[in-house]
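Any value given below was found using the heavy atoms of this structure, including those in side chains, with hydrogens, waters and symmetry copies removed. Letters A, B, ... mirror the listed sequences (proteins, then strands); counts begin at 1.
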Amino acid sequence: MTILKAENITAGYTELDILQDVHLKVEPNQIVSIIGPNGAGKSTLLKSIFGILKPREGHIFLKSEEITGLKPNKVARKGISYVPQVSNVFPSLTIQENMEMGAFIRTDDFSKRIDEVYDLFPTLREKRRQKAGQLSGGQRQMVAMGRALMLDPLLLLLDEPSAGLAPLLVSTIFEKIVEINQTGVAMAIVEQNAKEALKMADYGYVLAMGRNVLDDTGEALLDNEEVGRLYLGG
Amino acid sequence: MAELIVYGIVLGSIIALGAIGITLVYGIVRMANFAHGEFMTWAAYLALFIVTVVLPWLGVPDSTFGPLSFGWRMLIAFPVTMVAVAFIAIFFDRLLYKKLRFKKSSAVILAMSSLGVSFILRMIILIVWGADYRFFRPGVMRPALELPLGIKIRPDQIFILTVALVLVVLLYLFLQKTKMGKAMRATADNTELALISGIDTEGIVMWTWGIGGGLAAAAGILYGIDVQIHPGMGWNFVIPLFAAAILGGIGNMYGAFVGGLVIGVAEQVSTAFLLPTYKLAVAFMIMILILFIRPQGIFGGSEK
């Protein structure tokens, strides 16, 4: 069954509509990359799905359940986790405490889940007593993703996971994303790093000016001449 | 001088209890609460009412513990008042601040409305109890204990220090060890991310007001035990409370505790050189100096 289906989403801040009639679909186990120029509305789309922004029009379904307009803490309970682009850790809390906060709404014993997350990011296990604010950019991104994984989400929304990272770290983070995906988590990823994002994607969406321009498999989009010329730098 | 320092620590522990509330509310609710001192005043009068009216009516005997100036009545009134003031603090948030927050009002609007609340709370005290100075137990003077260095300290003051320390340790354990405490720190760190993690941040705001109000209540009663009770007592504490919170780095609870002690000692020691009426000016001067030299506070505030 389709994990996420967003239809005819129109959303924005105050009077201005940033998204117009946008659609997006994520199938089980898929990595879906959303690319497009700055200001295309990519982040706004993730925020609308997660309920940080209430769409003015349209419908969002998680599996068969409509989640349009639910508040973030409710959406999290339904099985979506979201990693914002910036300020995505609790800086004065330790790594371990960041993970515990990720599991805040869980009432069961989640120590096994913390272990699984640490297995995915061994560096974090070593540094678990350190404050997240003292970590490097790449490690912070790992804490941010680890926190989001604590809920065993059906779907993970990542907003520009490679932003501000050194090139070497970017490939590490992308490898981790594929690894997370292989554990059965579907993902929707917004990326500036369009080429890399499409390479690992099962499916891709191109947004521009708040509208859908194209969508196809990752491979097909990489081969598409127009996409190459406009968004992948030739 | 040693004696002034000890008295300063006693006053400082009272300031610290209030300043922790100021700093918690600032860090989590994101508002400067000028009505915080009134929670102290209300607590003192509420405790006075319980000690002198409610408990005698219930037949609780008017005993005193050994060298202390109070007995069972105060020990019962103390926690009851803390809980009551915690709910008063939450009540004003629901009534007023929550609505302003939801309207995305600016920090200035929130601060000014708390100033309004402060006037209302003080005037209610004046209307009900009048402007006279009052004591929990008039006429009891317990002999002071003689410590080395010529320090004289009353048993009541040792009680004040003990209670303040116990409350701060309890708060520390709550913030470090419990799920709700950690969620409070997380919300202070990054409210948006707390919400994203599924933390009910409005619930956290209620806890914050409750804890801040409860600690302010303890501060008010302790001041009443140490000195006296009057309608302006809490208002007079507003500047020392903010000075202590800013000194420790606003938002930093442990900083507020240390800041409270520093301000308390500075105020008391200043009486060796200045008239006691300048105590408040001393606190104010320290606040201004810190804002000039190191506005993030001596502990650098929250790590961002």
Side-chain angles (χ1 to χ4, degrees), chain A residues 13-14 46-47 49-53 70-107 110 129-135 140 143-144 146-153 156-159, chain B residues 20 23-24 26-28 30 98 101-105 171-208 248-257 296-304:
Chain A
Y13 308 89
T14 59
L46 291 193
K47 285 181 184 166
I49 294 169
F50 199 66
I52 295 171
L53 210 64
L70 287 185
K71 289 237 155 46
N73 55 351
K74 295 276 167 14
V75 178
R77 275 165 217 267
K78 301 282 179 199
I80 301 183
S81 284
Y82 167 67
V83 181
Q85 184 186 346
V86 288
S87 340
N88 49 20
V89 300
F90 298 111
S92 79
L93 270 58
T94 64
I95 292 178
Q96 178 82 15
E97 287 170 339
N98 267 274
M99 298 306 143
E100 289 170 24
M101 288 301 108
F104 184 81
I105 57 181
R106 287 181 71 149
T107 47
F110 51 80
R129 307 254 167 263
Q130 266 190 41
K131 289 184 176 177
Q134 298 164 344
L135 301 174
R140 272 185 193 227
V143 173
R147 179 202 59 77
L149 286 172
M150 284 305 299
L151 290 180
D152 264 318
L156 187 60
L157 306 175
L158 295 175
D159 194 351
Chain B
I20 289 169
T23 230
L24 284 178
Y26 187 89
I28 291 169
R30 317 253 171 232
K98 183 181 179 179
R101 274 202 307 284
F102 277 39
K103 284 170 79 176
K104 306 232 180 292
S105 302
L171 179 63
Y172 172 82
L173 291 176
F174 171 77
L175 288 175
Q176 294 297 330
K177 303 288 177 202
T178 70
K179 184 177 176 183
M180 193 51 82
K182 288 174 188 176
M184 261 178 86
R185 287 192 290 132
T187 307
D189 251 15
N190 190 337
T191 311
E192 178 110 333
L193 191 62
L195 208 61
I196 288 169
S197 304
I199 296 171
D200 168 22
T201 51
E202 274 302 308
I204 298 287
V205 164
M206 262 174 59
W207 274 86
T208 307
I250 192 131
N252 183 334
M253 176 217 137
Y254 311 115
F257 176 68
Q296 72 274 40
I298 39 180
F299 296 105
S302 54
E303 292 158 57
K304 289 268 154 109

**Q** Does any heavy atom of chain B fall under 4.5 Å from the side chain of F50(A), the backbone, both, or neither of them?
**A** side chain
**Q** Examine distances only and state if a side-chain atom of D189(B) and a backbone atom of S92(A) form a donor-acceptor pair shorter than 3.5 Å.
**A**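 Looks like yes, one N/O pair under 3.5 Å.
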**Q** How long is the span from the OG1 atom in T94(A) to the CZ atom in R185(B), to the nearest 0.5 Å?
**A**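 Output value for this atom pair is 7.5 Å.
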**Q** Looking at Q96(A), I want to see if its CD is surrounded by more than 12 non-hydrogen atoms of other residues, nucleotides or ligands under 6.0 Å.
**A** yes
**Q** For chain B, which of S87(A), A103(A), A144(A), G102(A) has the most heavy-atom pairs under 4.5 Å?
**A** S87(A)
**Q** Show, in sequence, the C-alpha distance, side-chain angles and deciding distance for L195(B) and K71(A), and conclude whether the side-chain contact (heavy atoms from CB on, under 4.5 Å) test is met.
**A** CA-CA 9 Å; L195(B) 208 61; K71(A) 289 237 155 46; over 6 Å; no
**Q** Please say whether more than 12 non-hydrogen atoms of neighbouring residues, nucleotides or ligands are located less than 6.0 Å from OH in Y26(B).
**A**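 No, the 6.0 Å shell around OH holds no more than 12 heavy atoms from other groups.
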**Q** Which heavy atom in S197(B) sits nearest to a heavy atom in R147(A), and how many Å separate them?
**A** OG-NH1, 3.0 Å
**Q** When rounded to the nearest 0.5 angstrom, what is the spacing between CG in L93(A) and CG in N190(B)?
**A**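 Answer for the CG-CG pair, L93(A) versus N190(B), is 10.5 Å.
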**Q** Once rounded to the nearest 0.5 Å, what's the spacing between atom CD1 of I196(B) and atom CG of N88(A)?
**A** 9.0 Å
**Q** Judged by atom type as modelled, is there a donor-acceptor pair below 3.5 Å linking the side chain of K179(B) to the main-chain atoms of F104(A)?
**A** yes
**Q** Can you find a pair of side-chain heavy atoms, one from P84(A) and one from L193(B), that are under 4.5 Å apart?
**A** yes
